[in-house]
Amino acid sequence: MVRGARSLARVAVVVRAGAAPLWWLGVVAAGIGVLLPGLTGRRIGVLTGAALLLVTAVVTALARHGRYTRLAEGAVRAGRGDFLQDRKVTLNTRRRARRWHYLIAFLAAVASSFALPAAGGMLLAGAGAGLWAKAVRLGHRERDTEKLLWVSADRLSAGPVGPAVEAFVTTGIAAGDAAPGGARRR
């Protein structure tokens with residue numbers, strides 16, 4: 001691992017960054033979708049959407065669990081020259097980088113309501129719920145081990161466990177301005 005000054009972002013905050021936008025855009029898209037009769041009818045669309053929400057939430061929450069575990073187990077202690085990125089900076093950076101993805105996903109969810117009302121929006125909301133559940137699971141791990149997980153901010157282009165990420169970095173439980181799991185510290 002290369003030593004020196006680097007900026008570190010909390011893994012749980014990076015995961016959590018997409019949860020709220022996906023959830024709320026999904027809820028709005030599902031609400032718009034309910035107003036449209038669609039090809040299959042509202043009842044079938046909403047029931048299909050509910051199933052999609054549950055399946056998507058579970059799949060998203062469990063996706064790449066093995067890689068998260070391997071990187072967490074091989075984590076090294078942060079160096080003195082490392083800078084800890086604020087929670088708000090990480091959230092804003094991640095959301096700004098993905099804003100076009102969110103817009104395209106929202107428009108696709110609304111457009112799918114012409115065929116299957118509300119289902120696309122509920123699928124989007126399920127992805128948001130799954131990311132939130134993944135961040136909560138990371139928070140439980142951080143509390144149990146009493147080590148917060150960080151990742152180099154310049155390696156986040158493909159996500160917190162993307163191919164560019166070689167290892168996580170740890171600090172004590174009191175470091176940074178985010179609680180375990182990426183929520184605001186109270």
Side-chain angles (χ1 to χ4, degrees), residues 1-23 25-26 52 55-109 123-145 147-173 175-183:
M1 181 123 242
V2 178
R3 286 290 179 207
R6 62 187 166 172
S7 180
L8 301 176
R10 279 285 301 285
V11 174
V13 173
V14 172
V15 170
R16 197 180 188 113
L22 288 174
W23 172 260
L25 289 173
L52 285 172
V55 169
T56 304
V58 170
V59 168
T60 304
L62 297 177
R64 305 185 87 179
H65 175 70
R67 179 127 167 96
Y68 279 95
T69 302
R70 280 192 304 280
L71 289 172
E73 288 171 354
V76 296
R77 187 98 175 123
R80 286 184 182 256
D82 293 337
F83 296 99
L84 305 180
Q85 204 173 70
D86 287 342
R87 177 182 186 275
K88 192 170 194 168
V89 171
T90 303
L91 286 174
N92 289 340
T93 303
R94 292 298 293 172
R95 288 176 180 166
R96 194 175 316 118
R98 301 273 188 254
R99 68 181 174 257
W100 292 108
H101 298 121
Y102 298 145
L103 178 64
I104 291 168
F106 174 73
L107 294 175
L123 179 116
L124 207 56
L131 287 174
W132 178 81
K134 185 180 290 196
V136 168
R137 191 176 69 235
L138 284 168
H140 288 300
R141 180 184 183 89
E142 290 174 336
R143 275 190 208 90
D144 291 345
T145 61
K147 293 178 183 176
L148 299 179
L149 298 173
W150 300 78
V151 65
S152 181
D154 62 345
R155 297 184 176 257
L156 284 175
S157 61
V161 292
V165 177
E166 298 166 358
F168 287 159
V169 179
T170 63
T171 61
I173 200 81
D177 64 344

For residues 132-142, the side-chain hydrogen bond (donor to acceptor under 3.5 Å, both in side chains) pairs (sequence neighbours left out) are Arg10-Glu142, His65-Arg137
Thr93 meets the side-chain contact (heavy atoms from CB on, under 4.5 Å) criterion, sequence neighbours left out, with Val89
Closest heavy-atom pair, Pro160 versus Val14, reported as atoms and distance to 0.1 Å, is CD-CG1, 3.8 Å
| said: Closer than 3.5 angstrom, by distance alone: can the side chain of Arg94 be matched with the main-chain N or O of Gly18 as a donor-acceptor pair? | reply: no
Contacts of Leu52 meeting side-chain contact (heavy atoms from CB on, under 4.5 Å) (sequence neighbours excluded), chain-then-number -> Thr48, Ala119, Leu123
Applying side chain to side chain donor-acceptor pair (under 3.5 Å) to Asp154 and not counting sequence neighbours gives Ser152
Val151 and Val169: CA distance, side-chain angles, deciding distance, side chain to side chain contact (heavy atoms under 4.5 Å, CB included) verdict: CA-CA 6 Å; Val151 65; Val169 179; over 6 Å; no
- Query: Considering only heavy atoms from C-beta outward, does the side chain of Leu103 approach that of Arg99 to under 4.5 Å?
  - Reply: no
- prompt: Can any side-chain N or O of Asp177 pair as donor or acceptor with the backbone N or O of Arg87 at less than 3.5 Å?
  reply: yes
By side-chain contact (heavy atoms from CB on, under 4.5 Å), Ala129 pairs with (sequence neighbours left out) Trp23, Ala57
Sorted by chain and residue number, the side chain to side chain donor-acceptor pair (under 3.5 Å) partners of Thr170 (sequence neighbours excluded) come out as none
Item to complete: Please lay out, stage by stage, how Tyr102 and Leu22 fare under the test side chain to side chain contact (heavy atoms under 4.5 Å, CB included).
Response: CA-CA 7 Å; Tyr102 298 145; Leu22 288 174; 3.9 Å; yes
Hits for side-chain contact (heavy atoms from CB on, under 4.5 Å) against Arg64, two or more places apart or cross-chain, chain-then-number order -> Arg67, Tyr68, Val161
